[in-house]
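Just so it is clear: chains get the letters A, B, ... in the order the sequence lines come, proteins before strands, and each one is counted from 1. Keep in mind the model is a prediction, meaning the values are calculated, not measured.
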Amino acid sequence: MPELAEVAFASKSWANGMGHKVLQVETLNASRVFRDIDPGLLKRGLRGSDLLESKTHGKKMLFRFSGNRWLGLHLGMTGWLHREDAEHPTGKHDALILRQDEQALVFRDPRQFGRVLYHRDKEPPPWWIDLPPEVHSREFTLQLVRSVLHRRKRALVKAVLLMQEFFPGIGNWMVDEILWRARIHPAERAGDLSPAKQRALWKETKFVAKGALSTVGKRGGDPPRKWLFHVRWKNGGKCPLSGTALLRETVAGRTTCWCPSRQRLKKS
DNA sequence: TACAATGTTTTAAG
DNA sequence: CCTTAAAACATTGT
């Protein structure tokens with residue numbers, strides 16, 4: 001589920017826990033989400049500390065606790081945050097539970113592609129510095145997009161949009177939404193895009209990111225009505241703009257949906 | 001049964 | 001060393 005806006009929304013599930021002490025920590029030690037850290041260290045580190053602040057960047061989440069403790073989370077493919085009752089019984093896929101007075105803050109991830117990081121230091125963790133500009137920020141410039149498309153000129157544009165070091169937070173459905181709006185075929189080579197298409201890619205990336213954040217990011221649920229999102233998940237959909245039957249095929253290893261009349265592949 | 005699922009990392013090859 | 005493509009990871013639902 002989680003791309004840019006879903007991550008922003010999910011992080012709010014723990015908002016009620018801000019300013020409250022963590023009384024107990026439970027970790028599902030066998031879960032692959034702990035592949036980078038010792039869950040025992042995390043457990044001892046967070047017990048007794050206060051949850052102070054949360055941030056997101058792309059698909060990454062960072063939680064700051066008292067005592068110079070930091071928790072990093074990535075939701076992977078099936079991860080999500082939940083706020084449960086204080087008496088919440090530990091579930092099968094509850095990888096991490098922070099138990100507070102009034103509630104239990106849960107990180108649940110059945111498929112375990114998510115990730116838990118822990119850091120203890122006055123300064124933010126090393127994995128939270130030197131992050132690329134958010135795609136909805138002023139620093140995400142046309143010039144930056146052009147240089148990325150040039151550096152990855154032989155790769156398919158679909159694959160390039162999925163690279164988190166350049167387009168943090170953009171995931172599979174957002175790429176399809178962006179390319180559909182920009183009228184770019186997903187299997188086009190990044191270096192083959194005309195200057196006009198490069199600009200369209202930049203502009204629609206910002207549009208989709210901001211649009212998703214102001215809808216999905218605020219209230220959860222779905223993006224606006226006329227978006228490709230609503231028709232991209234199964235075969236038989238029609239383009240909301242042209243009415244053409246949409247195509248669904250694997251491009252760059254991911255299921256991809258596009259409109260063959262709006263998004264044409266330049267013949268080589 | 002077999003395949004696909006809103007993601008990253010590792011491995012291999014060029 | 002850089003770039004690109006494919007496999008791997010683990011579970012659930014259709």
Query raised in the report: Just how far is it from atom CG of L98(A) to atom NE2 of H20(A), taken to the nearest 0.5 Å?
Result: 13.5 Å
Report summary line: Rounded to whole Å, the CZ-C1' distance (R35(A) to dA10(C)) equals 11 Å
Report task. To the nearest 0.5 Å, tell me how far I37(A) CD1 sits from H119(A) NE2. Result -> 12.5 Å
Query raised in the report: Looking only at side-chain N and O atoms, does R254(A) come under 4.0 Å of OP1 or OP2 in dG7(B)?
Result: yes
Query - Exceeds 12 heavy-atom contacts within 6.0 angstrom, atom CZ of R83(A) - result: yes
Report task. May I have the distance from L161(A) (atom CG) to dT4(C) (atom P), rounded to whole angstrom? Result -> 14 Å
Report summary line: Besides I129(A), the hydrophobic cluster formed by Ile, Leu, Val, Met, Phe, Trp and Tyr side chains linked at under 4.5 Å, directly or via other members, contains none
Query raised in the report: Are the ring of F113(A) and the base ring of dT8(B) both nearer than 5.5 Å at their centres and tilted by less than 30°?
Result: no
Query - Interatomic distance where CH2 belongs to W80(A) and P belongs to dA5(B) [whole Å] - result: 19 Å
Interface polar pairs with nucleotides 11-14 of chain B, N/O, under 3.5 angstrom:
none

Query - Gap in Å between the two P atoms, one belonging to dA10(C) and one to dT11(B), rounded - result: 14 Å
Query raised in the report: NZ of K158(A) versus C1' of dT4(C): gap in Å, rounded?
Result: 17 Å
Check nucleotides 12-14 of chain C against the protein and report each pair of N or O atoms closer than 3.5 Å, with its distance, or say if there are none.
from: dT12(C); atom 1: OP1; to: K92(A); atom 2: NZ; distance (Å): 3.3
from: dT12(C); atom 1: OP1; to: H93(A); atom 2: NE2; distance (Å): 2.7

Query raised in the report: With sugar-phosphate meaning primed atoms plus P, OP1 and OP2, does K60(A) contact a base, only sugar-phosphate, or nothing at under 4.0 Å between heavy atoms?
Result: nothing
Query raised in the report: Going from CZ on F107(A) to CZ on R115(A), what distance comes out if it is rounded to the nearest 0.5 angstrom?
Result: 10.5 Å
Query raised in the report: At what distance, to the nearest 0.5 angstrom, does NE2 of H74(A) lie from CG of L62(A)?
Result: 13.5 Å
Query - Length of the line joining M77(A):CE and dC9(C):C1', which is rounded to integer Å - result: 10 Å
Query raised in the report: Starting at CZ of R111(A) and ending at P of dA4(B), how long is that distance when rounded to a whole Å?
Result: 12 Å
Requested in this report: For atom CZ of R225(A), decide whether the heavy atoms of other residues, nucleotides or ligands shown that lie under 6.0 angstrom number more than 12.
Outcome: no
Query raised in the report: Would you call the rings of F9(A) and W80(A) parallel, tilted or perpendicular, where under 30° means parallel and over 60° means perpendicular?
Result: tilted
Report task. Indicate whether OP1 or OP2 belonging to dA5(B) is found under 4.0 Å from a side-chain N or O atom of R248(A). Result -> yes
Query raised in the report: Quick one: L73(A) CG to dG7(B) C1', roughly how many Å, whole number?
Result: 15 Å
Query raised in the report: Think Q164(A) has a side-chain N or O under 4.0 angstrom from the OP1 or OP2 of dG7(B)?
Result: no
Query raised in the report: What residue pairs, at least two apart or across chains, pass salt bridge (charged side-chain N to carboxylate O under 4.0 Å, His left out) with a residue in residues 202-218 of chain A?
Result: R181(A)-E204(A)
Report task. Give the ring-plane orientation class for W227(A) versus F207(A), where under 30° counts as parallel, over 60° as perpendicular and anything between as tilted. Result -> tilted
Requested in this report: Please indicate whether Q143(A) has more than 12 foreign heavy atoms, meaning atoms of other residues, nucleotides or ligands, lying under 6.0 Å from its CD.
Outcome: no
Report task. Indicate if L213(A) and V216(A) have the same hydrophobic cluster label, given that clusters are the connected sets of ILVMFWY residues with side-chain heavy-atom separations under 4.5 angstrom. Result -> no
Query raised in the report: Where along residues 218-236 of chain A does a heavy atom come under 4.0 Å from DNA chain C, residue by residue in number order?
Result: none
Query raised in the report: What orientation do F229(A) and W173(A) show, parallel under 30°, tilted 30 to 60°, or perpendicular over 60°?
Result: perpendicular
Query raised in the report: Considering residues, nucleotides and ligands other than H150(A), do more than 12 of their heavy atoms fall under 6.0 Å from its NE2?
Result: no
Query raised in the report: Starting at CZ of R151(A) and ending at C1' of dC2(C), how long is that distance when rounded to a whole Å?
Result: 9 Å
**Report entry** Identified stems (criterion: three or more consecutive Watson-Crick or G-U pairs, under 3.5 Å), DNA chain C
**Finding:** B:2-5 with C:11-14, B:7-14 with C:2-9
Requested in this report: Please figure out whether G253(A) or Q112(A) has its closest DNA chain C nucleotide nearer the 5' end.
Outcome: G253(A)
Query raised in the report: Contact class for R189(A) (heavy atom, under 4.0 Å): base, sugar-phosphate, or nothing?
Result: sugar-phosphate
Requested in this report: Identify, between T250(A) and K59(A), the residue whose nearest nucleotide on DNA chain B lies closer to the 5' end.
Outcome: T250(A)
Query raised in the report: Nearest of dG7(B), dA4(B), dT8(B) to any side-chain atom of R115(A)?
Result: dT8(B)
Query - N or O in side chain of R152(A) less than 4.0 angstrom from dT4(C) OP1/OP2 - result: yes
Query raised in the report: How long is the gap from CD on Q263(A) to OG1 on T256(A), to the nearest 0.5 Å?
Result: 10.0 Å
